[in-house]
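As structure tokens, the structure follows; a few thoughts come after it.
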Amino acid sequence: MSMKMNLIKHGTEGELQMIGYIDAGNAGEVDKILMDLTHQFESLVLDMEKLEYVSSAGLRAFRHAYMEMRQKHGVLAAKNVGRSVMEVLEITGFTRLFKFI
Amino acid sequence: MPEKSYREMNKRERRRYSLSARTARSVWINSIVLGLVALVIGVILYVVALGQQYIGLAFNLSRQTSISVNHANGNGTAELADEVMRIYRSISPAEREKQGTAEYRALFKEVEESRAYETLNDILKDTLRRNDVYDVYLAMYDEKTCAMVYMVDPEEQDHLNPGEWESVTEKGMRKFLDWNGEGMLYDIDRTAKYGWLCTAGVPLTAEDGHVYAYLLADVSVDIILTKARSFVLQITLAMFIVTALIASIMVLLIRKSLVRPINSITDAAQKYVTDKKAGVNDTAHFASLNIRTGDELENLSLVMADMEKDLAENEESLRKIESEKERISTELNLATRIQTAMLPNIFPPYPERTEFEIYATMHPAREVGGDFYDFFLIDDDHLCLMIADVSGKGIPAALFMMISLTILKSCAMLGSTPAEILMRANQAICSNNPEGMFFTAWVGILELSTGKLTTANAGHEYPAIRRPDGSFELIKRKHGCVIGGFEDSIYEQFEFDLEPGTTLFVYTDGVPEAMQKDRTMYGTDRMLKALNKEPGALPKTLLENVRSDVAAFADGAEQSDDITMLGIRYAGPERKG
């Protein structure tokens, strides 16, 4: 897979380290994992330090996770966002999906 | 030599009966090897048994004869023997050498003419005639001269008269001298005169107990060998006939039980191939073989029949898949044409308008894409431009693209500002979007009479602009969120005054995010460089330059996203008159 993920648990908070890239090919899988995690945790932090690229299909997965979290009044946060991913988030206006920490 | 396939072989090379020939050969080889071993053992046993039989015969013969000889003349036989020995010992060695002459014979005339001699000669002659031995005779041993002195010899060919003698070896005689009466007394020796000879016999004892003579019977070993030879010949002949018989039976059996079934499987397989090529639809080549050998061959034919059935089923499902694929491909083809037809693709679109030159392209990564562009005159003075990119790609993106295009265009047709267009479109999309699809869009409205461009951006890539005498640069203005992202999104709009000669270039992320095989991205810097390659270039050339530069950069890597571009050059207000 073009994507590797490591999960660290801090009680009700989950931290997901994302390594690689998300494109149309693996976005479905990423979506499934994120869905699973939004059900598991009160708040979810995505560590994007090693996330190189997110395509629009990947953004859809993020949006989906955001919607789920919002519905259960949870928090979706992002940290260590790299320049290229940040650019995409800014261009598309999806910066509002995340609480940046 | 390269191996030929069965198909390439001619009739002679295709082996039809090799198996049976090989069986016949192995039967022959086995028979010959076994036969030779059996023959050698048989001959040895035969010769030994025959030898034993002949020795027994000779020994028994001499013992029986000795009884009649002993009784024939009372003591006469012993006396006659003693007489012969007396004469033999009385003559000088020189005289003894004259044996065979009439002179020598005369010395024993009295013996030869005696009645006892005649009786003995009759008895022995009769015995010899009635038995299969070479000779049966009476002789005495003279220790001093180491010779056998003959008394009666009925044999006619090499007849010896009384008193005639033959030298013997002490070693050969030892057995006879030391015999204790047990077992058979015999000796096999090679004589110069008669070849291999077996002599069996018994000593004759006088009343006083001394051995006065030996009754001896000779058996020629040659007879045994001759008999053994004919035995070998007969056995060999019999073996040959039996082997030939077994080999032919084996060949017939092998043909029936092995070769024919195998050949029928081969023929079926061959017919299967020819039928397949000719398009004959027969799926029972192997099932109709009906091989009932009850062994592995039957298994083979059954397995082949199963295989044929499975292959036919596989083929059928492959055919189905193939036709399904074809159907999908036809449908996609049609979808592509429908989608392409949705976008204005005749250039120049408004040949009568001199205020602008416009050109746009959309290259989907797959058959259908999620990008779109559009431009149309809202009224005589206002040209609406739009470009958008639906999340994802392929068929889902294309379906969503169609509805997005329709909604966006309808909103634009209402004659409001770009920000309002985007806001309305966003609300329309968000009102029913369970799949969470969204698209980025850039909308611009150009007032042709003044060059005033009003734009709004919903999460779309930054446009690039070239002022007259300048070069292309990105215009970074505040973005709204993508259409379909959030219901409450609002969009800011910006105004630009385009001087005549200004060129605007909008594109989707397929351009900057085009990738090489190692996932290096094209980026906006390379894009700007390509745009600035030909400073005065018209939109069509600009787009072609970017497209070919992207293709050169990707260097054969698969196009990962749809690539859409739109370029417009504002020439200035319409020149009246």
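Naming: A, B, ... by sequence-line order, numbering from 1 per chain.
- Within the cation-pi definition used here (under 6.0 Å to the ring centroid, within 45° of the axis), B:Arg519 qualifies as a partner of A:Tyr21.
- Atom CD of B:Glu487 sits in a sparse spot, with 12 or fewer heavy atoms from other residues, nucleotides or ligands closer than 6.0 Å.
- For B:Met437, the parts lying near chain A are the backbone and the side chain together; criterion is any non-hydrogen pair under 4.5 Å.
- Remark: B:Leu343 CG is packed, more than 12 non-hydrogen atoms of other residues, nucleotides or ligands lying under 6.0 Å away.
- Partners of B:Asp488 according to the side chain to side chain donor-acceptor pair (under 3.5 Å) rule, which considers only residues two or more places apart in sequence or in another chain, are A:Arg96.
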Next on the checklist: side-chain contact (heavy atoms from CB on, under 4.5 Å), that's the test. Do B:His460 and A:Thr92 meet it? Break it down for me.
Outcome noted: CA-CA 6 Å; B:His460 200 80; A:Thr92 53; over 6 Å; no

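- Across all their heavy atoms, B:Cys481 and A:Gly93 have their closest contact at SG-O, 3.3 Å.
- Heavy-atom distances place the side chain of A:Arg63, and not its backbone, under 4.5 Å from chain B.
- Of the two parts of B:Phe439, neither the backbone nor the side chain holds a non-hydrogen atom closer than 4.5 Å to a non-hydrogen atom of chain A.
- No more than 12 heavy atoms of other residues, nucleotides or ligands lie within 6.0 Å of NZ in A:Lys9, so this atom counts as exposed by the packing criterion.
- Annotation for B:Ile490: atom CD1 does not count as buried by contact number, only 12 or fewer foreign heavy atoms lying within 6.0 Å.
- Comparing B:Gly484, B:Ser489, B:Ala397, B:Gly523 by heavy-atom pairs within less than 4.5 Å of chain A, the highest count is held by B:Gly484.
- By a heavy-atom distance cut of under 4.5 Å, not one residue of residues 36-47 of chain A is near chain B.
- Side chains of B:His479 and A:Phe94 form no contact here, defined as non-hydrogen atoms less than 4.5 Å apart.
- Summarising the geometry, atom NE2 belonging to A:His64 is positioned 8.0 Å from atom CD belonging to B:Glu435; distances are rounded to the nearest 0.5 Å.
- When all heavy atoms of B:Ser391 and A:Ser56 are compared, the closest pair comes out as CA-OG, 3.3 Å.
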